[in-house]
Trainee: 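Structure provided below as C-alpha cells; questions to follow.
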Protein chains: 2
Amino acid sequence: MAATSSDKAISLSPAEVVNDHLIEELRRRIVDHAVAPGVPLREQDLATEFGVSRARVRHAFNILEERGLIEHIRNRGAMVARLDPRKAGELFEVREVLEAQMVRLATERGPAESWGDLTELFGKSMDAKLARNDLGAYEDAVHLFRRRCIEAAKNEVLSNLLDSLYDRTHVLIRRLVLVPGRAQEGMRQHREILAAMRDGKAEKAERLKRKNIRSAREWFDNYREYLL
Amino acid sequence: MAATSSDKAISLSPAEVVNDHLIEELRRRIVDHAVAPGVPLREQDLATEFGVSRARVRHAFNILEERGLIEHIRNRGAMVARLDPRKAGELFEVREVLEAQMVRLATERGPAESWGDLTELFGKSMDAKLARNDLGAYEDAVHLFRRRCIEAAKNEVLSNLLDSLYDRTHVLIRRLVLVPGRAQEGMRQHREILAAMRDGKAEKAERLKRKNIRSAREWFDNYREYLL
DNA sequence: CTACTTTAGATTGTTGACAATATTGTATAC
DNA sequence: GTATACAATATTGTCAACAATCTAAAGTAG
C-alpha cells in the first residue's frame, strides 16, 4: 500500500528513484503481459539488466508478491502470477463492491458539474469510433473515467486497493473489449452511471456501477475460454 | 496478499517457519499495540532478539510496510504506522463495502442451518454477560462471527483484504466496545444480520452489515478524541 | 545565553561472497 | 529404450562487512 504519488510528496533521493523505477518497470511488464504468467523471473538476469544488485531485485519481488503480481516458491524463485478462473472470479467479486463505492464517493465529493466533459467523451462521437472498431478510444475513455473517479473519491486506501486489483486483472479487462458487443454495452452502462453522477444521485450511481462490473463478469464467464 | 494458510498447503521448511514466525510476531505486536504507533523499530535490536540476521528483519519490514502496518522512511528506518482520523475514516469506508460483501457471499454460499449456533451465541445469555460488562465474551462472539463468515464466503482475495484492513483498525475496534452503549447496539445489529442470514436473505444481510459498519463509524466519530 | 558548526556515534543501505537447494545433463543398469 | 542414480550446473537463501546517512552531543562564535 505504498506507491501513491502523494505519499512521498517532496523528497526523492537518487537511490530511491532507481529503486522505484525497478519496481514500477517490473509491475508494468507483468501487468501488460510483456512477460507471460508462469514465466520465471531470474534475480541475476534482472539485476544485470537494470544494473542493480540482486538484493534490490529481491526487494522488488517482495513488494510485487505482496501485491499478488508474483508467486514466490522457496528455493525455486519467483514467477509471474497466474490467473485461474476461480481467482479471476474472486477479483471480480471484490472489484464489484469497491468500484461501486468509488463511484458513490466520487459522486458525493466531486462537484456535479465536473462530470460534463466525461459525459461528452462518452457521447455520440464515441458511437462512431466504436462503429469502426476504434477500441483504443473507448479504452482511453474508460481509463480517464476511472482516474477521475478515484481522484474525486478522495480515499487513499480505496485508491490503492483499486489500483492493486486493477493491475491483477488489467489484461483480462483489455481482452474483454474484444468480445463483440461488450464495448457497446459497457458504453451504455457508463453513460447511465455518468448521468446519475451528474444528477448527484450517489446511491443510484453506485448501484449502476455494481451492475456494470457484474455484467463484465458475466461476459467474462461466457467467453472465459477465449480470454484466459 | 500472501500469508493465508491455504496458500502454502503442504511444504514447511525449517527456515520458512522461522521467517513466518518473525513476520507473524511483529504483526501481532503492532496490531495489539504491544509497540505503540510512531515507535521506531530498530533492525539490529529485532535481529538480536529473534536470533536472525538483519536481512530477515528487513524482509519482514517490507511485507508489513506493504500491508500498511509500518511506515518506512529512507535512511531513517521503520516505525509502527500511525492512524490519523482521516485514514481511519478511509478504512471504515472500505470496510463498509467489503464486510457487507463478505456477509452477502457467506449467506449465499454457507448452508442456512449453519448459522444456528452463532444465533444462539448472540442470544439471551449474551445480554446477561454484557449487563455485567463481560466485554471479552462479546468480543469473542464477534470474532467468531467474522471468521465463520470469511470461511463461508469462499473468496481468498476478499479474505486477505479483510484481514489486512482488520489488522490496521484492530485496536480502534477493540476500544470502541468500551464506549457505553456501543456493545449493546452492536449486538442488536449482529442479531438482525444473523436473522437475515439464517433466512437466506443475502441482500438484506449485506444491507444490514453495511449499516452496522456505518454505525460503528459514527460512534467512532463521536468519541474520536477518546479513541485515537 | 543562543545559534551555528563540528564531530562522534548510531542506524540504515548496499554489496559480494558463500551455503543450501533445485534443475539439468550424463551415465549406467535393466 | 526406459528408468534410475549420480554428477555438474544454475539459482536462490543467508550472512557479515563496508559505505552512506542521519542523530545527537560537544564545542565555538557572536
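Source: prediction; values computed, not measured. Only this structure's heavy atoms are used, side chains among them; waters, hydrogens and symmetry mates stay out. Numbers restart at 1 for each chain; the letters A, B, ... are given by sequence-line order, proteins then strands.
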Trainee: When you look at R109(A) and E93(B), which way does the salt bridge (Lys or Arg N to Asp or Glu O under 4.0 Å) test go after all the steps?
Mentor: CA-CA 13 Å; R109(A) 288 167 194 177; E93(B) 279 174 358; 2.3 Å; yes
Trainee: In residues 37-45 of chain B, which residues come under 4.0 Å of DNA chain C by heavy atom?
Mentor: L41(B), R42(B), E43(B)
Trainee: Checking contacts here: which listed nucleotide (dT23(D), dG13(D), dT23(C)) is nearest the side-chain heavy atoms of R76(A)?
Mentor: dT23(C)
Trainee: Please identify each residue that fulfils side-chain hydrogen bond (donor to acceptor under 3.5 Å, both in side chains) with E151(A), with sequence neighbours left out.
Mentor: none
Trainee: Would R146(B) and Y166(B) count as a cation-pi pair here, with the cationic atom under 6.0 angstrom from the ring centre and within 45° of the axis?
Mentor: yes
Trainee: Not counting sequence neighbours, which residues clear salt bridge (Lys or Arg N to Asp or Glu O under 4.0 Å) with E90(B)? List them please.
Mentor: R86(B)
Trainee: In terms of side-chain heavy atoms of R74(B), which of dG13(C), dT23(C), dG13(D) is nearest?
Mentor: dG13(C)
Trainee: Working note: H59(A) + N62(B), criterion side-chain hydrogen bond (donor to acceptor under 3.5 Å, both in side chains); need CA distance, chi angles, decisive distance, verdict.
Mentor: CA-CA 8 Å; H59(A) 170 80; N62(B) 289 340; 3.2 Å; yes
Trainee: What is the ring orientation for F92(B) with F220(B), classed by angle as parallel under 30°, tilted 30 to 60°, or perpendicular over 60°?
Mentor: tilted
Trainee: Look for any protein N or O under 3.5 Å of an N or O in nucleotides 15-17 of chain C and output each such pair with its distance, or none.
Mentor:
from    : atom 1 : to     : atom 2 : distance (Å)
dT15(C) : OP2    : S53(A) : OG     : 2.7

Trainee: So, using salt bridge (Lys or Arg N to Asp or Glu O under 4.0 Å) as the criterion, who are the partners of D117(A) when residues are at least two apart?
Mentor: R148(A)
Trainee: Phosphate oxygens OP1/OP2 of dG13(C): is one of them under 4.0 Å from a side-chain N or O of R58(B)?
Mentor: yes
Trainee: Taking only residues two or more places apart in sequence or in another chain, which ones pass side-chain hydrogen bond (donor to acceptor under 3.5 Å, both in side chains) with Q44(A)?
Mentor: T48(A)
